[in-house]
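Chain letters run A, B, ... following the sequence lines, proteins first, then strands; residues in each count from 1.
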Amino acid sequence: MADEKKLTSRSEDFSAWYNELVQRAELADYSPTRGSMVIRPWGYGIWELMQRALDDMFKETGHENAYFPLLIPMSFIEREKDHIEGFAPELAVVTQGGGKELEEPYAIRPTSETIIYSMYAKWVQSYRDLPVLMNQWANVMRWEMRTRLFLRTAEFLWQEGHTAHATADEAKEETLLILGIYRTFMEEWMGMPPLTGLKTESEKFAGAVSTYTLEALMQDNKALQAGTSHFLGQNFARQFDLKFQSEEGQEEYAWNTSWGVSTRLVGGLVMTHGDDDGLVLPPRLAPAQVVIVPILRGDDGPVLEKVDEVAARLKEAGVRVRIDARENLSPGAKYYEWERKGVPYRVEIGPRDLEKGSVALARRLTPEGAKRKEFVPEDQAIAEMPGRLEAFQRELGTAALARRDAATVRGVESLEELEEALDGGAGFVFTGWNGDPAVETMVQERTKATPRLIPGDEFRSSEAPTKCVSGEGSSVAEVAWARAY
RNA sequence: CGGGGUGUGGCUCAGUCCGGUAGAGCGCUGCGUUCGGGUCGCAGAGGUCCCCGGUUCGAAUCCGGGCACCCCGACCA
């Protein structure tokens, strides 16, 4: 049997590596409920840090949290035609309550546009009531045929923002504001730089006028849709009678947006930074940024005292610290465990350090050519820790960006070339597109790649493509293709 | 829903072909030892062998039926 202590390597089997890592880093586990997972404290701790960062950004831009029901009357879901068409196959429906058949079945929310805009309709009368800027943190359910921990489960956690505006322009602006917030979060907190842009018609949200997406590249060069922000136009407002009286006294339908990111981001984090030893956490999202391992022998009192003192001083410096003083494990066993869990820095304190007034520092990722451990005077280690964590954070983001750019191929002009690039290990491949959905199908059938997005200004190629990748017709939009999760 | 595979201590699995007292490693508990990269020793706990039926003196093993899960494909935050 293979060495059970080691993970399957990424190069050997990326998918097995991911599954093993998620379980062995104690992020999540399979549950008795088919398709649903248990998020364990270490994984939930990461999610909580994500929530906090995002929630702060939403609040700073004027959004408030609220909570709407888990169960949505079926008739609501059915009201918007594209919406029900898109979601029907993945609905879970409650037909009984209190032992009796219900008069009207309820859908377990796959998303909450319908129930939320029906309530907005009640609350909004005048342009003075707009905009409405709400967000909810909630669980949703989409019945999936095949599930993977964090990446696709039947039930998942997310936030869904829902806004209503007096004008189309204002709603569009909101959609882009959120896109920017998501991007900042992914870059600066997760160190996972996404491409941003528009979804094609066939890939957009069921019921939206347009969908902006953030697509990140994983280490296996597959793309992950990491977040979406939708301009809903008046589609839902019309169906739910969300009207207001304008400044001019006209009755008008409001303009909506909705946007969300989910616990899928945790999976993205794993696949962006993890290595063959386990998880690697960007410090800003690490439930513990530093773990302190005491080296015990004989008279442990002074060592443990020093450990407590160093922990207190690090906390004071704003560092999240955990002490691992378990007696039944050797220090080495603890090192492996915390490395598997992705803690950015480890501090070791033993009798020798007490004598010298130093501590041993080990970084989760050792720079090329550097020693695995450095012995640093205690005061210096504490003083430097916040800066070291920041540097680690930046390094992860820079490396991820470099990987993405190295895996990006532009200017591809034919199907052959596209297929060749993808098979040659490319991530995102940019081509021209004539706007015909048939080309999307053709490309997917041939290469397994889908159009991830029509790149926004910043990600467009410097020279706009002229030909469609299909060889038929001229290009009306550039598309970034990738095989995706 | 098609194609393939697997169900045996908590986990990973051997045993099944060829029926005869249910095993190993890891983990767990206790005691001791060790502790600067997965300590070591001794003692111990832990099993409806997926379920139902059949064959047999006797079934984890053979036969019939069912269920569950995993992998690969068609749908997807």
Base, sugar-phosphate, or nothing: which does S258(A) touch, judged by heavy atoms less than 4.0 Å apart? nothing
Regarding the side chain of F375(A), the nearest nucleotide among C76(B), G37(B), G36(B) is G36(B)
Between C1' on U33(B) and CG on L329(A), what's the gap in Å once rounded to a whole number? 15 Å
I'd like the P distance from C28(B) over to G58(B), given in whole Å. 42 Å
Atom C1', compared across U34(B) and C42(B): separation rounded to whole Å: 15 Å
Are K222(A) and E215(A) close enough for a salt bridge, meaning some N to O gap below 4.0 Å? no
How is K373(A) classified with respect to the nucleic acid when contacts are heavy atoms under 4.0 Å: base, sugar-phosphate, or nothing? base
Salt-bridge criterion met for E309(A) and K306(A) (N-O under 4.0 Å): yes
For K59(A) and D55(A): C-alpha separation, side-chain torsions, deciding distance, then whether salt bridge (Lys or Arg N to Asp or Glu O under 4.0 Å) applies. CA-CA 6 Å; K59(A) 300 265 173 65; D55(A) 203 62; 2.5 Å; yes
Which value, in whole Å, describes the distance between the C1' atoms of nucleotides G7(B) and G66(B)? 14 Å
Look through every strand shown and name the nucleotide pairing with C1(B) as Watson-Crick or G-U wobble, where both distances are under 3.5 Å. G73(B)
In whole Å, measure the gap between the C1' atoms of G44(B) and C67(B) for me. 36 Å
Ranking G38(B), A77(B), G37(B) by distance to the side chain of A333(A), first place goes to G38(B)
Salt bridge or not between R340(A) and D277(A)? Use side-chain N to carboxylate O under 4.0 Å. no
Show the nearest heavy-atom pair for residues P110(A) and I77(A), with the distance to one decimal. CD-CD1, 4.1 Å
Whether the side chain of W47(A) engages the backbone of M50(A) through a donor-acceptor N/O pair (distance < 3.5 Å, no angle test) should be reported. no
I would like to know whether R24(A) and D29(A) meet salt bridge (Lys or Arg N to Asp or Glu O under 4.0 Å); could you show each step before the answer? CA-CA 9 Å; R24(A) 295 197 40 208; D29(A) 204 350; over 6 Å; no
N139(A) CG to A77(B) C1', straight-line distance once rounded to whole Å: 14 Å
Regarding E339(A), tell me which of base, sugar-phosphate or nothing describes its non-hydrogen contacts under 4.0 Å with the strands shown. base
Identified pairing partner of G44(B), criterion: Watson-Crick or G-U wobble below 3.5 Å: C28(B)
Lys/Arg-Asp/Glu bridge criterion (N-O < 4.0 Å) met for R346(A), E348(A): yes
Please give the nucleotide sitting opposite G23(B) as a Watson-Crick or G-U wobble pair, both distances under 3.5 Å, or none. C13(B)
Protein-nucleotide distance (Y30(A), atom OH; U12(B), atom P), rounded to Å: 11 Å
By nearest nucleotide on RNA chain B, pick out whichever of R372(A) and E327(A) is the more 5' one. E327(A)
Check: protein-nucleotides 72-75 of chain B nitrogen or oxygen pairs below 3.5 Å:
{"unit_1": "C72(B)", "atom_1": "OP2", "unit_2": "R146(A)", "atom_2": "NH2", "d": "2.0"}

Round to a whole Å and report the spacing from OH of Y335(A) to P of C35(B). 12 Å
Gap in Å between the two C1' atoms, one belonging to C35(B) and one to G41(B), rounded: 16 Å
Closer to the 5' end of RNA chain B via nearest nucleotide, is it F150(A) or T147(A)? T147(A)
Check every strand shown and say whether R326(A) touches a base, only sugar-phosphate, or nothing at a heavy-atom separation below 4.0 Å. nothing
Would you call E155(A)-R142(A) a salt bridge at under 4.0 Å N-O? no
Nearest whole angstrom, please: distance from the C1' of C76(B) to the CG of L151(A). 12 Å
Expressed in angstrom and rounded to an integer, what is the separation of R346(A) atom CZ from G37(B) atom P? 9 Å
Pick the C1' atom in G46(B) and in G25(B), then give their distance to the nearest Å. 15 Å
Proximal nucleotide (of G38(B), A77(B), C35(B)) relative to the R152(A) side chain: A77(B)
Considering only the C1' atoms, how many Å lie between C75(B) and G2(B), rounded to the nearest integer? 15 Å
Contact residues, residues 347-357 of chain A to RNA chain B [heavy atom, < 4.0 Å]: E348(A), G350(A), P351(A), R352(A), D353(A)
Can you tell whether the side chains of R183(A) and E187(A) come within less than 4.0 Å, N to carboxylate O? yes
Whole-Å gap separating P (A77(B)) and CG (L453(A)): 14 Å
Find the distance I295(A):CD1 to G37(B):P and express it as a whole number of Å. 8 Å
Salt-bridge criterion met for K204(A) and E201(A) (N-O under 4.0 Å): yes
Using 4.0 Å as the upper bound for N to carboxylate O, is an ion pair formed by E378(A) and R313(A)? yes
Given the P atoms of G47(B) and C57(B), what is the spacing between them in whole Å? 31 Å
